[in-house]
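Heads up: the structure comes next, in structure tokens.
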Amino acid sequence: MTLLSLLHNIHTQSSRMKTNKKDEESGGNVYAHLDKTSVLQECRAFNETPINIKKCTHSLTKLIYIIQQGEPIGRTEATEAFFGVTKLWQSKDVNLRRMIYLAVKELAEVSDDVIIVTSSLTKDMTGREDLYRAAAIRALCKITDTGMLQTIERYMKQAIVDRNSAISSSAIASSIHLMRKSSEVVRRWANEVQEAVSSDNHMVQYHSLALLYQIRANDRLAVNKLVQKFSKNALRSPYAVCYLIRIATRCLVDDDQPDSSVFTFIESCLRHKSEMVVYEAARAIVSLPQTTPSEIQPAITALQMCCTSPKAAVRFAAVRTLNKVAMAHPNAVMSCNVDLEKFITDSNRSIATLAITTLLKTGAESSVERLMQQISGFVNEISDEFKIVVVDAIRSLCSRYPRKHTVMMPFLAKMLRNDGSYDYKKAIVETIIAIIEENPDAKVAGLAHLCEFIEDCEHDNLSTRVLHLLGREAPKTPNPSSYIRFIYNRVILESTKVRAAAVTALAKFGAQCSDLRPSIQVLLKRCLLDSDDEVRDRATFYLKMLTEASEPLIHNFILDGLQVSPSGLELKILDYLRSQTYSSPFDLRTVPVTQQALSQPEKRVPQLVEEEEKPKAPKVEPYAAQLAAIPQFAALGPVFKSSARIALTESIAEYTVHMIKHTFANAMVLQFECKNTMNDQLLLDVSVELEDPDGEWETKDTIPIEKLPYGEVVSAYSLLEFPDSGAIAGSLGAILKFKVMDVDPTSGEPDSDDTYDQTYVLEEVDVNVSDSVQSVAKTAFASAWEALGDDATREETFQLSTVENIPDAVKKISEILGLVPCERSDRVPEGKTQHTVYLSGVFRGGYDVLSKATVAIDPSDNSIAMNIIIKSNEPLVSDLVISAVV
């Protein structure tokens with residue numbers, strides 16, 4: 001080699017190094033600014049002969065990249081590119097072939113005629129080249145439809161039990177995807193999947209267990225057997241054990257009578273050699289509902305051991321789980337406080353944040369200020385996501401230690417002034433509002449901080465939320481006039497949405513503070529010149545009400561929100577307009593009411609809190625349309641209230657029945673959701689027969705179920721009219737009556753046309769006073785109480801023998817009457833021997849019902865007495881409601 005050539009080589013290498021260094025400094029992504037048209041133009045190289053392997057591989061990479069980035073490609077362009085890719089099959093290059101498989105998978109959903117490569121993929125799938133087979137299986141299953149799947153069924157079964165773990169895992173993973181569109185075909189491969197579970201390869205065992213569970217997911221008994229079998233036969237794969245723990249956890253949650261051996265298996269996994277399995281078992285135990293402190297203690301100990309792991313991911317997972325558990329079981333997590341203290345100075349700020357927030361939830365009141373000082377040192381260094389975790393911890397802490405609001409409130413106000421995302425600011429605002437609602441001593445300070453916040457708030461939703469709160473709470477403070485300046489500033493400086501909310505807040509001040517009413521009227525007159533019609537209309541309406549209306553009207557139209565169903569209001573107005581009977585005014589009492597006012601803001605649920613699921617009353621709207629479509633019920637009018645689903649049978653019974661009570665103005669419809677769990681029976685003419693021992697309630701109409709096949713849920717209906725005696729409560733006997741036709745369990749075809757009658761006794765059907773009362777809260781209870789007058793007032797005093805303390809008594813009376821507590825009066829301070837709760841609601845027909853219930857404990861014998869006063873605008877309604885507790 002000559003000296004000249006050597007220098008030339010050195011110069012070339014130096015240039016390459018500089019280029020590589022420049023690429024690294026610029027980010028190194030050579031595909032960052034690809035143009036779709038240029039890439040598709042390059043793909044025409046696929047048609048060249050001979051094939052340029054390097055060029056085609058590079059072009060395929062670009063094509064796959066732009067598809068993965070979401071770049072839209074037309075079907076014609078995609079089809080042209082796909083046919084070009086098929087011509088590359090003649091190349092024997094391994095890397096190019098594997099790129100072809102990836103391209104086929106990506107183009108399968110955006111191009112036409114992809115089915116033409118089925119034979120080529122099938123050939124590669126059954127060939128001898130293992131590098132081709134796994135990728136070919138994934139691509140083939142991606143483009144195969146239900147009809148063609150049966151032609152490759154034999155090959156798929158062979159691939160599932162193949163000795164090569166990559167091929168077996170590919171076949172099983174593809175089968176999991178095929179379950180979504182061809183579940184019946186995949187279920188026929190259960191024997192091969194069962195065999196694959198015993199594989200020595202960890203991923204094959206994990207994938208096969210996942211597929212086996214999906215095959216049996218609809219059969220609860222089969223799933224329980226699967227858990228029992230593999231919990232005794234130790235699985236080698238830690239991934240499979242983790243998946244089995246999740247299956248077992250679901251069984252414990254879903255079963256009404258869970259098997260204790262399943263919980264024992266999960267607990268035994270706490271002693272597994274894999275950290276992954278130990279953590280998964282601990283997480284599963286602490287997430288189970290209704291676990292006792294003694295049951296979760298081993299899981300807490302396991303999480304405490306995970307906190308000492310050298311792996312940051314394991315430590316983070318353990319601390320995050322302890323953070324969740326601390327919400328429900330703070331005393332159980334206290335044993336970990338020493339370990340959590342060490343994490344305060346952890347270099348990983350996410351772990352440090354979770355550790356401190358956990359300590360805030362579990363620590364003593366004396367340690368609060370020290371922890372707050374430590375977290376304030378680095379709160380600006382963590383992301384908004386973990387700042388929200390801190391805020392939620394402060395919210396929980398203020399609930400435990402109300403006196404510490406003097407420390408927490410300034411800290412939250414300082415965080416609120418810093419820059420942050422909408423979710424972060426919303427979390428702080430909701431926390432301050434929660435502290436104000438739960439702690440009356442924090443109201444003045446909290447409202448002052450929120451007033452400062454809206455002075456420089458860039459989020460309209462938060463401004464309107466704060467203005468709504470000011471209109472509700474500020475008039476009740478010692479100096480309400482101090483807040484008016486902040487509210488009126490919003491009328492001058494903000495957007496239309498905020499200006500309209502500010503006008504409403506001013507009107508609420510005028511409605512509740514008579515001494516401020518003249519000043520409010522002056523401010524509202526200035527709003528009449530606003531540029532937006534919504535603001536002007538609100539100002540005009542409120543000014544008219546405050547100037548000329550009586551106190552009851554001011555209360556009803558300004559302080560109480562319109563608590564009606566939006567869809568129900570729309571339907572009733574349309575019916576009124578179509579009838580063209582304008583001689584009588586529109587009656588708002590015919591519109592179904594709802595528990596939440598139309599203007600009620602949405603409340604945010606704190607993060608990392610898993611709320612216990614409770615049966616909720618269904619929304620009226622879906623049932624209203626369903627019932628209106630039935631001719632027998634069309635004339636009943638709007639649905640006033642629908643109850644939650646009530647079980648009338650055991651969940652494991654041969655026939656299950658759930659009841660929903662729909663209350664109308666003068667009648668009640670009982671909806672019975674029936675399910676046939678016998679696969680060898682077809683039920684015909686299914687109905688529920690009701691019988692009242694007192695003879696007051698009578699069934700006016702019945703709509704039976706003509707046919708009830710196995711596994712389906714169909715509804716039968718019974719129509720009851722309220723008795724002429726005025727009774728609104730009763731207990732009715734219920735019997736399920738039907739005819740049985742024997743059918744083939746597999747096909748469902750009848751064995752013969754013969755049927756026989758059968759009955760099944762159900763639980764009693766209870767009709768209560770609460771079924772005729774809709775829970776509707778009053779924002780200003782005192783004004784509403786005075787507005788009703790004393791003409792329809794009823795009062796009773798009696799002893800409570802079925803409750804042990806005041807909070808239970810408050811909860812019980814609210815459930816019996818169907819009324820909702822107002823102004824947070826259901827919160828009973830600790831140590832009190834007497835408490836008054838304010839309740840409100842609407843009786844069917846649109847009649848307001850208010851109640852004051854005073855509960856007291858006699859110190860001599862700890863007996864509980866209650867004095868209750870019922871008010872309504874109709875005397876008969878007061879008599880009916882108070883009859884529920886007499």
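- Smallest separation of non-hydrogen atoms from S814 and P821: OG-CD, 3.8 Å.
- Applying the 6.0 Å contact sphere to NZ of K443 captures more than 12 heavy atoms from other residues, nucleotides or ligands.
- T797 contributes atom OG1, which lies 8.5 Å from atom CD1 of I869 (distance to the nearest 0.5 angstrom).
- The two residues C451 and Y483 make their nearest non-hydrogen contact at SG-CD2, 3.6 Å.
- Residue F411 places its CZ atom among more than 12 non-hydrogen atoms of other residues, nucleotides or ligands, all under 6.0 Å distant.
- Taking every heavy atom of both residues into account, L516 and I484 meet most closely at CD1-CD1, 3.9 Å.
- Between V855 and V837 the shortest side-chain heavy-atom distance does not fall below 4.5 Å.
- A 4.5 Å side-chain heavy-atom check between R417 and D456 finds every atom pair outside the cut-off.
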Could you walk me through whether R465 and E430 pass the salt bridge (Lys or Arg N to Asp or Glu O under 4.0 Å) check? CA-CA 9 Å; R465 177 76 177 94; E430 290 290 348; 3.4 Å; yes
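- Dense packing is recorded around NZ of K852, with more than 12 heavy atoms of other residues, nucleotides or ligands lying under 6.0 Å away.
- In this structure, OG1 in T793 is found 10.0 Å from CD1 in I882, a value given to the nearest 0.5 Å.
- Taking 4.5 Å as the limit, some side-chain heavy atom of V503 sits within range of a side-chain heavy atom of L524.
- Under a 4.0 Å N-O distance rule, the pair R794/D879 qualifies as a salt bridge.
- In K414, the NZ atom is not crowded: 12 or fewer heavy atoms of neighbouring residues, nucleotides or ligands sit closer than 6.0 Å.
- E437 and R824 get closest at one heavy-atom pair: O-NE, 2.6 Å.
- Using a 4.5 Å heavy-atom threshold, the side chains of H468 and K508 count as touching.
- Of all non-hydrogen atoms in A500 and V535, the two that sit nearest each other are N-CG2, 3.9 Å.
- Taking NZ of K387 as the reference point, atom OH of Y424 lies at 4.5 Å (rounded to 0.5 Å).
- For the residue pair N479/T477, the side-chain donor-acceptor check at 3.5 Å is not satisfied.
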Kindly indicate, with the supporting measurements, whether the criterion side chain to side chain contact (heavy atoms under 4.5 Å, CB included) is fulfilled by Y847 and V842. CA-CA 5 Å; Y847 301 101; V842 175; 5.9 Å; no
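- Y838 has its side chain out of reach of K778: every pair of non-hydrogen atoms, C-beta onward, lies at least 4.5 Å apart.
- Distance CD1/I868 to OG1/T836: 11.5 Å, rounded to 0.5 Å.
- Put simply, the side chain of T464 never gets that close to the backbone of A501: no donor and acceptor are under 3.5 Å apart.
- Inter-residue side-chain proximity for F453 and I428 is flagged as unmet; no heavy-atom pair is nearer than 4.5 Å.
- Taken to the nearest 0.5 Å, the CE atom of M866 stands 11.5 Å off from the NZ atom of K812.
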What verdict does the salt bridge (Lys or Arg N to Asp or Glu O under 4.0 Å) test give for E551 and R517, after you've listed the backbone C-alpha separation in whole Å, the side-chain angles of each residue and the deciding distance to 0.1 Å? CA-CA 12 Å; E551 289 297 325; R517 191 171 296 178; 3.1 Å; yes
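- Dense packing is recorded around CG of D533, with more than 12 heavy atoms of other residues, nucleotides or ligands lying under 6.0 Å away.
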What do the steps show when you test L469 against L447 for side chain to side chain contact (heavy atoms under 4.5 Å, CB included), and what is the final call? CA-CA 9 Å; L469 178 76; L447 292 178; 3.9 Å; yes
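- When every heavy atom of R395 is checked against every heavy atom of A434, the shortest pair comes out as NE-CB, 3.5 Å.
- Note that the CD atom of E874 and the CG atom of D848 stand 12.0 Å from one another [nearest 0.5 Å].
- The side-chain heavy atoms of L416 and H449, taken from C-beta on, include no pair separated by under 4.5 Å.
- Looking only at side-chain heavy atoms (C-beta outward), L880 and V877 stay at 4.5 Å or farther from each other.
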Could you go step by step and tell me if R490 and L493 meet the side chain to side chain contact (heavy atoms under 4.5 Å, CB included) rule? CA-CA 5 Å; R490 309 282 67 75; L493 304 172; 3.9 Å; yes
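- The pair D530-R499 meets the salt-bridge criterion, with a side-chain N (NZ, NE, NH1 or NH2) lying under 4.0 Å from an Asp/Glu carboxylate O.
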Does the side chain to side chain contact (heavy atoms under 4.5 Å, CB included) test come out yes or no for L450 and I436, once each step is laid out? CA-CA 11 Å; L450 292 176; I436 292 172; 4.1 Å; yes
